[in-house]
Amino acid sequence: MAHTTIFGVVLVNLLLQLQLVLANVPAVIVFGDSSVDTGNNNQIATVVKSNFEPYGRDYYSGKPTGRFSNGRVLTDFISEAFGIKLAMPAYLDPAHNMTDMATGVCFASEPSVIPLWKQLEYYKKYREELMDYLGQEKAETVLREALYIIGLGTNDFLENYYAVPGRSSEFSIEEYRNFLAGIARGFVEALYGLGARKISLGGLPPMGCLPLERTRNLFFGGGCIEEYNNVAKEFNVKIQGLVSKLNDQLSGIQLVFSDPYDILSQIIQNPELFGFTNAKESCCGTGYFEMGYLCDKNNPFTCRDANKYVFWDSFHPTERTSGLVADHAVKTDLAGFLVP
C-alpha cells in the first residue's frame, strides 16, 4: 500500500511537470476584486464574505466557496478554456498547497480588504514558494509564460468614489480615472519587473446596469444609470490607451485589454437571446439590494433557477453569465495566448 501511495504521488508530480513544460500558458494568475475572488476573503476578518448558503449552491460541491456567485466565476472558466483546471484556488485558502497553485492561483479580494499593493506582496511570496517547489529555472519559466489577469475599477468607482461621502467633491471624475489608470500602470510595470510577460488588463462592465444601481434609480423607473455607464466606457478608452503605450514601452510584453462592456451590454439589453429571463433583478432575495450577508439561505424571495438570471446578487453575475463573458474573452481578447 505504501509503495502504491508513493508511486501515485510521483506520477502526479510527473504529470504536473509535463503539463508545465508543454502548455503554452502553464498557469493563470489572478488579481482583482470580489468579482474574481475565489475565497481569499474567507480567511480574513471582514464582513465582506460569501462563505454561506445560498452562495455556491451550484458549485461542484454544492457548498459555498467564498466566490460571490452561485457557482464558478469568470477566471475559473478562463482557466478551464486554457486547459489548466476547472477552478482557481485562493492563495489564502489553507486547503490548497503548491501542487494546486503551481498551475494558477487567485489573489483577488475586495479592494478595501486586500488592495492591489497587498495582493502584489502575496504574489512575491508565492514566487518564492513556487521556486522552492519547482526549482528556480522551471519556476521562472512558468512565471514568464503564465497568463496574468488583472481586474480593477468597478468597486473603486461604485464604492470608493460614488458611495464615499465627499470623494466626488475631492476629485473630479477625470482626476479619479487618471488616478486609477496610474495604479493600473504601476501594477503592470511591477509585474513586468518580476518577470510577467502575458498580461490581461480588464475593463469596466456597464456598472450602471447592476441591480444595486437600478435600485438606487427606482424613483426614475429603475433603469440603468447612464452616467455610470458613460464613466465605464470612458475609463475603458483610457485603459485601452494605456495598454497601447505599455506595449510600446516594455520590451517583450504581451499586454491585452479585455473588455467586458459590450458583451455584458448585449446580454443585459437582450437577455432572451442568451437564454435569460431576467436582467434587471438578481436571483438572490428580492433582487434589488441583497449582497453578502443580506443574501442568506432563509430569504424566501431567492430564485429557484439562477441560470435564468444575469445577476446572482445585486453586484455580481451568475455562474452562467460569467461563463458567457469568459467564452467571449477567450475567443477575442485572449485568443492570442491560446495554442495555435
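If you read the sequence from its start, that first residue is 1, and numbering goes on from there. Just so it is clear, the values below take in all heavy atoms, side chains as well, and ignore hydrogens, waters and symmetry mates.
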Novice: Work out which heavy atom in L264 is nearest to a heavy atom in P205; give both atom names and the distance.
Specialist: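 Scanning both residues, the minimum pair turns out to be CD1-CB, 3.6 Å.
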Novice: Could you go through residues 328-337 and list every donor-acceptor pair under 3.5 Å that involves a side-chain atom there, pairing it with any protein atom two or more places apart or in another chain?
Specialist:
| unit_1 | atom_1 | unit_2 | atom_2 | d |
| --- | --- | --- | --- | --- |
| K331 | NZ | D327 | OD2 | 3.1 |
| T332 | OG1 | H328 | O | 2.6 |
| D333 | OD2 | D259 | N | 3.2 |

Novice: Sorted by first residue and then second, give each disulfide (SG to SG under 2.5 Å) pair with at least one member in residues 40-105; sequence neighbours left out.
Specialist: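 Qualifying pairs: none.
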Novice: If we only count heavy atoms from C-beta on, is the L255 to V188 side-chain gap below 4.5 Å?
Specialist: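 SC-SC contact between L255 and V188 confirmed.
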Novice: Rounded to the nearest 0.5 Å, what's the gap from CG on L201 to CD1 on I149? Could you check?
Specialist: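 If I round to the nearest 0.5 Å, the distance is 11.5 Å.
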Novice: Check whether any side-chain heavy atom of F107 sits under 4.5 Å from a side-chain heavy atom of I114, and report yes or no.
Specialist: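 The answer is no, as the side chains (C-beta and beyond) never meet within the 4.5 Å cut-off.
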Novice: Which atoms form the tightest heavy-atom contact between P54 and D296, and what is the distance?
Specialist: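 Closest approach of P54 to D296, heavy atoms only: CD-C, 3.4 Å.
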Novice: Listing request: all side-chain hydrogen bond (donor to acceptor under 3.5 Å, both in side chains) pairs with a residue in residues 39-56, at least two apart in sequence or in separate chains.
Specialist: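 Residue pairs passing side-chain hydrogen bond (donor to acceptor under 3.5 Å, both in side chains), neighbours aside: N41-S109, Y55-D313.
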Novice: Considering residues, nucleotides and ligands other than Y60, do more than 12 of their heavy atoms fall under 6.0 Å from its OH?
Specialist: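 Buried by this count: over 12 neighbours within 6.0 Å.
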Novice: Taking all heavy atoms of I268 and all of C209, pick out the closest pair and write down the distance.
Specialist: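 Nearest heavy atoms, I268 then C209: CD1-CB, 3.9 Å.
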Novice: Is it true that F31 and F187 have ring centroids separated by less than 6.0 Å?
Specialist: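 Centroid distance F31-F187: below 6.0 Å, so yes.
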Novice: Can you tell me how far the OG1 atom of T302 sits from the OH atom of Y309, to the nearest 0.5 Å?
Specialist: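 T302 OG1 to Y309 OH: 9.5 Å, rounded to 0.5 Å.
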Novice: Using residues 76-83 as the side-chain source, report each donor-acceptor pair under 3.5 Å to any protein atom, sequence neighbours left out, with the distance given to one decimal.
Specialist:
| unit_1 | atom_1 | unit_2 | atom_2 | d |
| --- | --- | --- | --- | --- |
| D76 | OD1 | R67 | NH2 | 3.2 |
| D76 | OD1 | M88 | N | 2.7 |
| D76 | OD2 | R67 | NE | 2.8 |
| D76 | OD2 | V73 | N | 3.0 |
| S79 | OG | K85 | N | 3.3 |
| S79 | OG | K85 | O | 2.8 |
| E80 | OE1 | R72 | NH1 | 3.1 |
| E80 | OE1 | R72 | NH2 | 2.9 |

Novice: Look up atom OG in S258 and atom CD1 in I239, then write down how far apart they are to the nearest 0.5 Å.
Specialist: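 Reported value, rounded in 0.5 Å steps: 12.5 Å.
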Novice: Taking atom types as modelled, find out whether E129 and Y91 have a side-chain donor-acceptor pair closer than 3.5 angstrom.
Specialist: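 Yes, Y91 and E129 have a side-chain donor paired with an acceptor closer than 3.5 Å.
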Novice: Grab the two heavy atoms, one from F289 and one from T286, that are nearest each other, plus how far apart they are.
Specialist: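 Closest approach of F289 to T286, heavy atoms only: CE2-OG1, 3.9 Å.
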Novice: Give, for atom CD of E319 and atom OG of S69, the distance between the pair rounded to the nearest 0.5 Å.
Specialist: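 So the gap between those two atoms works out to 5.5 Å.
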Novice: Before accepting this row, confirm whether a basic side-chain N of the pair E121/K118 lies closer than 4.0 Å to the acidic partner's carboxylate O.
Specialist: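 No salt bridge links E121 with K118.
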Novice: When you take the SG atom of each Cys, C284 and C295, is the space between them under 2.5 Å?
Specialist: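 Yes - the two cysteines, C284 and C295, have SG atoms within less than 2.5 Å of each other.
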Novice: Applying side-chain hydrogen bond (donor to acceptor under 3.5 Å, both in side chains), which residue pairs with at least one partner in residues 196-207 are found, sequence neighbours left out?
Specialist: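 Those involving residues 196-207 are E145-K198.
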Novice: Give a yes or no on whether K238 atom NZ has more than 12 heavy-atom contacts from other residues, nucleotides or ligands under 6.0 Å away.
Specialist: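 Yes.
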Novice: What is the distance from atom CD of Q254 to atom CG of L147, rounded to the nearest 0.5 Å?
Specialist: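 Separation between the atoms: 10.0 Å.
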Novice: Run the numbers on Y126 and M98 for side-chain contact (heavy atoms from CB on, under 4.5 Å), then give the verdict.
Specialist: CA-CA 9 Å; Y126 166 78; M98 285 310 298; 3.8 Å; yes
Novice: Between Y133 and T99, do the side chains contain an N or O donor and an N or O acceptor separated by less than 3.5 Å?
Specialist: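 Yes - a donor-acceptor pair under 3.5 Å links their side chains.
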Novice: Can you name the ring-ring contact (aromatic ring centres under 6.0 Å, His included) partners of F179, sequence neighbours left out?
Specialist: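 For F179, the residues satisfying ring-ring contact (aromatic ring centres under 6.0 Å, His included) (neighbours in sequence not counted) are Y176.
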Novice: Give the minimum heavy-atom separation between E213 and M207, together with the two atoms involved.
Specialist: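 Taking every non-hydrogen atom into account, CG-O, 3.2 Å.
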Novice: I'd like to know whether the aromatic ring centres of F52 and Y293 sit less than 6.0 Å apart in this structure.
Specialist: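 Yes, the ring of F52 comes within the 6.0 Å limit of the ring of Y293, centre to centre.
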